[in-house]
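Letters A, B, ... are given to chains in the order of the sequence lines, protein chains preceding strands, and every chain is numbered from 1.
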There are 2 protein chains.
Amino acid sequence: MEKQSVTIYTVAREARVSMATVSRVVNGNPNVKPETRKKVLDVIKQLNYRPNAVARGLASKKTTTVGVVIPDVTNAYFAELALGIDDIASMYKYNMILTNSDADDRKALQVVRGLMAKQVDGIIFMGHDIPEELRQEFSSSNVPVVVAGSVTNDDELPTVRIDYQEATKQAIKYLIERVDGPVALVVGSKDSTINKRYRIEGYKQALQEAGKDFDEKLIFETHDSYAEGYKQSQAIADSGAKAAFVSDDGVAAGLLNGLTDHGVKVPDEFQIIASNNTKTTEITRPKLTTITQPLYDLGAVSMRLLTKLMNSKDEDKEDGESKDVILEHGFEKRQSTR
Amino acid sequence: MEKQSVTIYTVAREARVSMATVSRVVNGNPNVKPETRKKVLDVIKQLNYRPNAVARGLASKKTTTVGVVIPDVTNAYFAELALGIDDIASMYKYNMILTNSDADDRKALQVVRGLMAKQVDGIIFMGHDIPEELRQEFSSSNVPVVVAGSVTNDDELPTVRIDYQEATKQAIKYLIERVDGPVALVVGSKDSTINKRYRIEGYKQALQEAGKDFDEKLIFETHDSYAEGYKQSQAIADSGAKAAFVSDDGVAAGLLNGLTDHGVKVPDEFQIIASNNTKTTEITRPKLTTITQPLYDLGAVSMRLLTKLMNSKDEDKEDGESKDVILEHGFEKRQSTR
DNA sequence: ATGAAAGCGCTAACAG
DNA sequence: CTGTTAGCGCTTTCAT
């Protein structure tokens, strides 16, 4: 009964000013006489007044909350991005509602609807593709969305990412130059945009430039998990491939350990390049050679971009520089390649 | 301009009923004639009406949002718990505002204040201790809090966890029986409750039952990270210890690799037991022997408990069974012990 | 079973 | 610089 009883009205009464004035000082509006401001501030402190963000949200139509949809928090790649997002969000006084989509289209649609209902000011979407219904949801909503750490089938949405095609091409070239035999590409779904339009293209380019033929059978699809990589290691080895570029670090680690357990020596008999440079790439033995990405920054920049979009009028939202921001990637040679 | 223009009022008007009735059907209140319900539902679908959760929150004083404070999302242990929390939360139609505290007291206090301002219905706190100011914040707020995956200095708060003392004791005993030499304990801060009151006690008990002396120098403090474990490996080896039980898997992996890189053979010359059974323990070579914990369940049960607390009247919140729920832990022997 | 009306706590013109 | 006054969109008695 004694809860949240102190409202802006209580403060106004106690300080002998109007609610508007209290609101002004709370929101740092300069149009308040220092004297009054002090008086109000004193009362606020004395009463331990805390503005109710829900009421504020209803009145202002801004919740200072953003929605973040993530396929799986326990995936180190996404978790690192999430950390970057949260850091910048909290810097800008935003909170983040984090929702796992389990990389499932239906669940993603459902969680986004939930986020919209909660009136989030913006959404950061992590995931490799956006189902049609969700696209409509996005485009009909006015809520800014940025795609972090991937690309999707929706070209309208701004993305923050690295150049997946180029990264893949580099990795494959590196492998082709050092391996006497076929080089495999291990990715999630062949049909997802990031793979179909970028990684597989990069793969083909590298092959072509080296004068090698493209062989569909050398592309392996997996779910992003250590167990999956481990399980498929046998099949990958059996394909005759002597090296692989793997798009998920967990899978790369699974592949490495699976190969090793089956008696295939890495890097002597099989070389591996991972692609996210998460901590797991350092933990394995041998350590995984990997494409490096500024994981934290990918998240941080996404959130930064989102704040811009949230604060820009709808009109100028359309124009501006290219929607995509491409961060630099790198390459770190470790022990899984020669 | 055409945004969110459809409100409960629009629906009411269009369906020729009152807002109250619309509210009733939206909230599944049975007191609505099937006929009217259908009419309203039709209009809702036709207009694509979506209730505004913020307005609802203001009116009902319930946001169906819970706050989750986590030291670091990129720590696999906490991330697994967070997944369990989110799954159950979404099952109960709750959302989770996730905030990183960076294991820092000031930041924790600040984020919790932010969560309170957002009127979360409950809070799940992950972290090893609660600074005094935060305790007051909690106790003066009426917002239910549950501590997940740890214990704190605040005995008032319900916790969901394993028996850290017993787990530690088992691990140490196991080591003592197999090692000819001192056994170290590698933990976070010696002063945190989980270590001081549980793990170190378990350590001492195991020592005592084996007739060994306790030596403070065999307790090592680290931050929870792979790099820290790696760095301290030298010091740990130099201490003369021949085995260690490590409270964080990342640290355990770092210790393992550090030792290996320094030429110390695991498990032949040094044995290690990790304690969270995160994926990391499977990725290292040798694989880490570890205490096993139902990580996902720890989170899931915490959230489940929180829903109970959120729905119980304040009166009966006090009574009820013991506040703590202790989940079973296990032990899995792998390759870092003999 | 349904409606009328009073807020929930705050922001945002608008006036002065 | 400060106060007045409408709402924001929904829930919730209280009548009927």
_Residue-phosphate contact under 4.0 Å: A/Asn52 side-chain N/O, C/dC10 OP1/OP2_ = no

*Check the surroundings of atom CZ in A/Arg16: do more than 12 heavy atoms from other residues, nucleotides or ligands lie under 6.0 Å from it?*
no

*Nearest to the side chain of B/Lys61, which nucleotide is it out of D/dT2, C/dT11, C/dC8?*
C/dC8

*Protein-nucleotide distance (A/Lys62, atom NZ; C/dC10, atom P), rounded to Å*: 19 Å

_With nearest nucleotide decided by heavy atoms, which residue, B/Leu58 or B/Lys33, maps closer to the 5′ end of DNA chain C?_
B/Lys33

*Is there side-chain contact between A/Val26 and A/Ile44, with heavy atoms separated by less than 4.5 Å?*
yes

*With a 3.5 Å cut-off and no angle check, do the side chains of B/Lys118 and A/Thr65 form a donor-acceptor pair?*
yes

*Determine: side-chain N/O of A/Ser23 to OP1/OP2 of C/dC10, distance under 4.0 Å, yes or no.*
no

_Checking contacts here: which listed nucleotide (C/dA1, C/dT11, C/dC10) is nearest the side-chain heavy atoms of A/Ala55?_
C/dC10

_Using the side-chain heavy atoms of B/Tyr49, tell me which of these nucleotides is nearest: D/dG3, D/dC10, C/dA12._
D/dC10

*asked:* In whole Å, I'd like the distance from the NZ atom of B/Lys38 to the C1' atom of C/dT2.
replied: 19 Å

_Less than 3.5 Å apart, any donor N or O on the side chain of A/Asn311 or A/Thr307 sitting next to an acceptor on the other?_
no

*Does D/dT11 have OP1 or OP2 sitting under 4.0 Å from an N or O in the side chain of B/Asn27?*
yes

*If you look at every strand shown and take non-hydrogen atoms under 4.0 Å, does A/Val22 touch a base, only sugar-phosphate, or nothing?*
nothing

*Could you check how far CG of A/Leu47 sits from P of C/dG9, rounded to whole Å?*
14 Å

*Whole-Å distance separating the CG atom of A/Asn31 from the P atom of C/dA13*: 14 Å

*Please state how far atom OH in A/Tyr9 lies from atom C1' in C/dT11, giving the value in whole angstrom units.*
18 Å

*Side chains of B/Tyr77 and B/Asp224, donor plus acceptor under 3.5 Å*: no

*Please round to the nearest 0.5 Å and tell me the distance separating atom OH of B/Tyr94 and atom CD1 of B/Ile88.*
13.5 Å

Give each protein N/O atom lying under 3.5 Å from an N/O atom of nucleotides 4-6 of chain D, with the pair distance.
none

_Closest-nucleotide 5' rank along DNA chain C - winner of A/Ala53 and B/Pro30_ = B/Pro30

_Rounded to whole Å, please give me the gap between CD1 in A/Ile8 and P in C/dC8._
14 Å

*For B/Val17, answer base if it contacts any base atom (sugar-phosphate contacts may also be present), sugar-phosphate if it contacts only those atoms, and nothing otherwise; contact means non-hydrogen atoms under 4.0 Å.*
sugar-phosphate

*Indicate whether OP1 or OP2 belonging to C/dT2 is found under 4.0 Å from a side-chain N or O atom of B/Thr36.*
yes

*Expressed in angstrom and rounded to an integer, what is the separation of B/Arg50 atom CZ from D/dC8 atom P?*
21 Å

*For D/dG9, take OP1 and OP2 only and decide whether either is under 4.0 Å from a side-chain N or O of B/Arg56.*
no

_B/Asp129 and B/Thr193: side chain donor to acceptor below 3.5 Å_ = yes

*B/Asn29 CG - D/dT13 C1' separation (whole Å)*: 13 Å

*Separation between OG1 of B/Thr99 and CD1 of B/Ile70, rounded to the nearest 0.5 Å*: 9.0 Å

